[in-house]
Amino acid sequence: TVPLFVNGSITGGGTWMAQPKLGFAGRFQGRFDHIVFILTGFNLPFAELNAPWKFFDGRLHVENGDSRFIGFPASFSGTVALAAGLKPDWSIEARVADLPLAELVATLPWAIRYGYGVPDLAGAASMTARFDGTAPGILVNATALVARQAGSAATSSISIRYRHVAGQPD
């Protein structure tokens with residue numbers, strides 16, 4: 001488990017109807033504003049969600065707004081199917097198009113930066129993560145062009161593909 005603290009506001013409104021023979025029918029919409037997920041052990045703001053949402057036909061739809069991942073511009077979009085008595089069925093994508101590594105390293109909490117010996121870096125990275133299914137499974141694709149700043153001219157190109165299948169150990 002990951003200890004997360006979540007803070008922010010969710011606004012919304014809409015119409016609904018419930019009848020025994022027809023069931024529940026509703027259409028709601030609103031916004032997620034400054035929903036911040038903080039890794040409590042490191043006091044690191046992990047992600048911030050600022051996006052419009054709507055709930056229709058048993059699905060929560062989230063569209064990209066002015067969101068952030070580790071303090072950098074990101075997009076979050078997708079749906080979560082919500083049905084009574086069933087687990088949520090996730091289909092969410094998170095994307096960071098341009099992550100400047102020097103700025104990322106400079107903003108890391110000291111416990112991460114020095115505890116894990118993170119070197120000064122230059123370059124850029126990008127990442128896409130998908131959360132799918134009822135468990136959910138996770139697929140992460142990341143690429144980076146990296147150079148160490150401390151006296152090294154070496155450059156590395158890194159590509160990572162990680163897939164976690166729900167219900168199976170890593």
Side-chain angles (χ1 to χ4, degrees), residues 1-12 28-83 86-109 111-113 115-116 118-119 121-146 156-170:
T1 61
V2 177
L4 283 177
F5 172 77
V6 180
N7 190 24
S9 66
I10 302 172
T11 58
F28 300 97
Q29 60 189 16
R31 282 198 54 83
F32 294 111
D33 287 310
H34 305 291
I35 305 292
V36 180
F37 300 87
I38 298 173
L39 293 172
T40 56
F42 296 111
N43 197 28
L44 176 67
F46 183 67
E48 179 179 338
L49 181 60
N50 294 296
W53 64 267
K54 62 183 175 181
F55 181 80
F56 181 73
D57 198 23
R59 293 187 176 275
L60 176 67
H61 301 264
V62 178
E63 295 300 325
N64 183 40
D66 181 26
S67 299
R68 306 195 73 73
F69 176 75
I70 313 178
F72 297 93
S75 66
F76 294 90
S77 61
T79 64
V80 181
L82 304 168
L86 299 175
K87 292 182 177 181
D89 188 4
W90 297 83
S91 179
I92 298 286
E93 182 173 276
R95 180 182 302 262
V96 180
D98 188 24
L99 185 68
L101 295 174
E103 289 180 45
L104 172 65
V105 171
T107 60
L108 289 175
I112 294 175
R113 187 168 182 189
Y116 291 103
V118 178
L121 299 172
S126 64
M127 181 200 74
T128 301
R130 286 209 48 86
F131 304 89
D132 291 309
T134 57
I138 302 169
L139 173 63
V140 177
N141 288 311
T143 59
L145 185 59
V146 183
S156 299
S157 178
I158 301 168
S159 181
I160 299 170
R161 182 177 171 93
Y162 169 78
R163 176 84 178 163
H164 170 78
V165 178
Q168 296 185 7
D170 291 325

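Everything numeric in this text was worked out from a predicted model, so none of it was measured. Starting from 1, each residue takes its place in the sequence as its number.
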Discussion item. As an exercise, state the distance from CD1 of Ile92 to CZ of Phe131, rounded to the nearest 0.5 Å.
Written reply: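 Between atom CD1 of Ile92 and atom CZ of Phe131 there are 9.0 Å.
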Worksheet item: Nearest 0.5 Å, what's the OG-CG distance between Ser75 and Leu49?
Response: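 The CG atom of Leu49 is 11.0 Å from OG of Ser75, to the nearest 0.5 Å.
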Worksheet item: Going by distance alone, is a donor N or O of one side chain under 3.5 Å from an acceptor N or O of the other, for Ser91 and Arg130?
Response: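 Side-chain D/A pair, Ser91 to Arg130: present.
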Worksheet entry | Side-chain heavy atoms of Ile38 within contact of Leu4, under 4.5 Å | no
Worksheet item: Side-chain contact, heavy-atom cut-off 4.5 Å: Phe28 with Phe56?
Response: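 SC-SC contact between Phe28 and Phe56 ruled out.
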So, for [X] and [Y], which heavy atoms are closest and what is the spacing to 0.1 Å?
X      : Y      : result
Arg68  : Phe76  : O-CE1, 3.8 Å
Ala97  : Ser126 : O-CB, 3.3 Å
Pro109 : Leu44  : CD-CD1, 3.7 Å
Pro88  : Val80  : CB-CG1, 3.8 Å
Ala106 : Arg113 : CA-NH1, 4.0 Å
Val62  : Ala51  : CG1-CB, 4.0 Å

Worksheet item: Where do Leu82 and Phe55 land on the side chain to side chain contact (heavy atoms under 4.5 Å, CB included) test, with the steps shown first?
Response: CA-CA 9 Å; Leu82 304 168; Phe55 181 80; 4.0 Å; yes
Worksheet item: Would you call the rings of Phe32 and Trp53 parallel, tilted or perpendicular, where under 30° means parallel and over 60° means perpendicular?
Response: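 If you compare the ring of Phe32 with that of Trp53, the planes turn out tilted.
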Worksheet item: Are more than 12 heavy atoms from other residues, nucleotides or ligands located less than 6.0 Å from atom CZ of Arg95?
Response: no
Worksheet entry | Side chain Ser67, main chain Asn50, donor-acceptor under 3.5 Å | yes
Worksheet item: With a 6.0 Å cut-off on ring centres, are Phe5 and Phe37 close enough?
Response: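 Between Phe37 and Phe5, which both carry aromatic rings, the centre distance is not below 6.0 Å.
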